[in-house]
Amino acid sequence: MGQLSEEGIAKKIAEQISVIAFKAPRLLRMEKEFTLLREAALRAYRQEYSNREHFLNK
């Protein structure tokens, strides 16, 4: 089994955050209801991967 690099991990997490915090709320037309989750996810991601925010698809 291969191991992911730190950059690979940041990309995978960014993909998941992008789907859960941005894409799903838009598809469900529930952006307002997801605001708290989106802000928390962004804050946590920025804290851990501050120089890799460009991986997020907002």
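Val19 has its side chain out of reach of Glu15: every pair of non-hydrogen atoms, C-beta onward, lies at least 4.5 Å apart. A 4.5 Å side-chain heavy-atom check between Leu4 and Lys12 finds at least one atom pair inside the cut-off. Residues Phe55 and Ile13 fail the side-chain proximity criterion, which asks for heavy atoms closer than 4.5 Å.
Other residues, nucleotides and ligands contribute over 12 non-hydrogen atoms within 6.0 Å of the CZ atom of Arg26. When the shell of 6.0 Å around CG of Leu28 is examined, it contains more than 12 heavy atoms from other residues, nucleotides or ligands.
The side-chain contact (heavy atoms from CB on, under 4.5 Å) test with Thr35 is passed by exactly one of Glu33, Glu39, Glu31: Glu39.
Side-chain atoms of Tyr45 come within 3.5 Å of backbone atoms of Arg52 as a donor-acceptor pair (strictly under, hydrogens ignored).
Neither Leu56 nor Leu37 shares a network with the other; the hydrophobic side chains, linked directly or stepwise wherever heavy atoms of I, L, V, M, F, W or Y lie under 4.5 Å apart, form separate groups for each.
In this structure, OG on Ser18 lies 12.0 Å from CZ on Arg38, to the nearest 0.5 angstrom. Distance check: Glu7 CD to Tyr49 OH gives 11.0 Å after rounding to the nearest 0.5 Å. Rounded to the nearest 0.5 Å, atoms CD1 (Ile17) and CZ (Phe22) are 8.0 Å apart.
Judged as a side-chain hydrogen bond (donor to acceptor under 3.5 Å, both in side chains), and not counting sequence neighbours, the contacts of Glu53 are Arg46, Lys58.
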